[in-house]
Amino acid sequence: MKFTDGYWQLRPGVTVLRPGAVESVEPDERSFTVFAPIGRITGRGDTLNRPVVTVRFFSPAPGVVGVTVGHHSGGLPKQPRFVLAEDTDHPVQVEVTGLSARLTTGELTVRVALTGPWQVDFLRGDRLVTSSTERSIGVVTDADGQKYVHDRLALGVGETIYGLGERFGAYVKNGQTVEIWNADGGTASEQAYKNVPFYLSSAGYGVFVDHPEHVSFEVGSEVVSQTQFSVPGQSLTYHVIDGPSPKEVLRRYTALTGRPARVPAWSYGLWLSTSFTTSYDEKTVTEFIDGMAERDLPLSVFHFDCFWMRQFHWVDFIWDPATFPDPEGMLRRLHERGLKVCVWINPYIAQRSYLFEEGRQAGYLVRNPDGSIWQWDKWQAGMALVDFTNPDAARWYADKLKVLLDMGVDCFKTDFGERIPTDVIWHDGADPQRMHNYYSYLYNKTVFELLESERGTGEAVVFARSATAGGQQFPVHWGGDCESTFVAMAESLRGGLSLAASGFGYWSHDIGGFEGTPDPAVFKRWIAFGLLSSHSRLHGSGSYRVPWAYDDEAVEVLRRFTRLKLSLMPYLAAAADEAHREGIPVMRPMILEFPDDPTTAYLDRQYMLGPDLLVAPVMSADGQVTYYVPAGTWTNLMTGAQVTGPGWVHEKHGFDTVPVLARPGAVIPFGSVTDRPDYPWADGVQLRMYAPAQGQRTRVRIPSPDGGPGTEFEVRYQDGTATAEVVAGASSGYGCEVTEVAT
């Protein structure tokens, strides 16, 4: 939110209190608190009628400095709060001298000047990372009497900002105003389904604003040399997270807010959907699956979208008897074909659903202040909202889903959860403003934890649309409702890159786009992008997404890229394991892998898939594509062609190829199976070396599909010969072939 009129003036009716010189500081063993009156204190009389800004500095985790800026502290505490894994035992050093107060955790130090104007510096060793200066903090009252608190952190020359959730506009956030407020706005606007009050800086630090309610960010858009963040109320808490690399920032951030769960091996295969408003029954579903099998197209998951239930009854979790008279039998038949089954759900209860009255009587639905049930007609007639702050309501909802799991359903698409009202009463007394974004966390947590309890750790997966900070623990998330155009393909990728920079390890999108019917060229180009993502789903709105609905070539393209992805499962599984253990996403913005290459700062039409594969989706009908390669010799996995960087490359690709390039010196493990994702990934693996260096030794770890220790190989390259041996994990029963692909 903007409070100023240019640099010098405030907007009409706005008043701001800013800390002046520090009056005193109170340290303890792990924190210190600074008291800064408004204006200078020259005598005792100046202490009267003088507001004081109180700022506390602390460390919730190694390499993380927390800051709480407050004015009046007598307000009632508000819930919910983000669940943070705080570490109260890590080393923290506090030092107060006549000139400064300092707190150090790891390599990160916060230094507050105790003389002169307000000045807070964050340093890595002796190097300045960012600062809060004399005009940065503001305790604001607007023209309507609403209170806000803001701080501003300095932006260095050339510094770029990323993240803030899944945002579909410009990938670099400099110059933008970003509102952290979940909305069902599609992918073509400034609104977002997944809002995360965390940003990642190219300068090697991150900032997490610890507020689930509405947070406004002005990224060089109010004061061009600073990033401002503000919240309503009289207190602001944020955390500065050290790097020094962007990867290390994400490691620390996800250690604090939660790491992505491990998801089942079968989920990496191809998902096929009924689509949304299309007409379908078991015969239609069977024809789709038969068509895939007849065309030798590997399929892992079949998804039933909304109309598996009766219209106007969403949700009651009852199969529409007119179209699915034998759901148990149908699910059994699908399982017999080796398929997993996903069904669509949402947290809204239509008035016509039998669950409406059941939930009303039990007190499981969100209420208006007068005690009546909150309802509206958007999406479903008379729909209400499950109150997940009520543990009994969450169990009730989960029990309804358990019936489906017992029937044979394997996972859920957890759609919606963004349009959450703020004029309501929650069971646990939660603040409605804070619940708007946080609702998505409780909703997906309820469903994901049910799946874990029923299927086991590592066997739970959802396809979620809404999220906020911490939601990365409940994967997978997909990009929402995009149009079926090349422009929408590009905006979807920008959203995925921003989400990856916000701590989310897995991401997917609707192959071909959701709204409308894609041109065959769009569909075929999107296939490559979709199969070179962590998760891959064919889904649309009013038209089917089976490839033969477009042309025969689409069938060939889908087969080629599906089999490529399945052959890459040993490599993708290792990248996913890194996401689970360390919080580094599977699909990575280029700057995560190449933070010292300034060209990567603005690249938003390409990405790294894991640490060693560069992917540049082709977003044109004629196959023209331009992409950037960092230093070294890069090798196309599909064609063997090599390009040498650093530099820009312009190519033309048919529908059967795409720029997917191995990093110089990479060893890419290829699996021995290409018709399913859940196979022993290390058994018969082929280790392909790309442009190796003389004397190179590379460790390659291949996880086990069941979450076991996996297998580790050491690959050596000497005098033109590549060799490999098992050095950890599986016995010699797991053989491998090592191939020098390109030198």
Residues [X], [Y]: salt bridge by 4.0 Å N-O rule:
X      : Y      : answer
Glu593 : Lys247 : yes
Arg259 : Glu582 : no
Lys652 : Asp622 : no
Glu107 : Arg124 : no

Worksheet item: Quick one: which of Phe82, Phe217, Tyr199 gives a ring pair (Phe, Tyr, Trp, His ring centres under 6.0 Å) with Phe208?
Response: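 Checked Phe82, Phe217, Tyr199 against Phe208; only one passes ring pair (Phe, Tyr, Trp, His ring centres under 6.0 Å): Phe82.
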Worksheet item: Can you tell if the side chain of Glu651 reaches within under 4.5 Å of the side chain of Pro659, non-hydrogen atoms only?
Response: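 Yes, close enough: below the 4.5 Å cut-off.
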Discussion item. Within the 4.5 Å heavy-atom criterion, are Ser533 and Trp478 side-chain neighbours or not?
Written reply: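 When only atoms from C-beta onward are counted, Trp478 and Ser533 do not touch, as no gap falls below 4.5 Å.
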Item to complete: Report, as yes or no, whether the 6.0 Å neighbourhood of atom CZ on Arg605 holds more than 12 heavy atoms from other residues, nucleotides or ligands.
Response: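 Open.
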Worksheet entry | Euclidean distance, Ser567 OG relative to Leu572 CG, rounded to 0.5 Å |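 Result: 8.5 Å between the selected atoms.
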Item to complete: Output, in order, the C-alpha distance, side-chain angles, deciding distance and verdict of salt bridge (charged side-chain N to carboxylate O under 4.0 Å, His left out) for Asp577 and Arg262.
Response: CA-CA 7 Å; Asp577 189 57; Arg262 184 169 56 85; over 6 Å; no
Fill in: Side-chain (Tyr193) to main-chain (Asp481) donor-acceptor, under 3.5 angstrom
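Yes; at least one donor-acceptor contact below 3.5 Å.
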Item to complete: Would you please say whether a donor-acceptor pair under 3.5 Å links the side chains of Tyr238 and Asp210?
Response: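 No - no donor-acceptor pair under 3.5 Å links their side chains.
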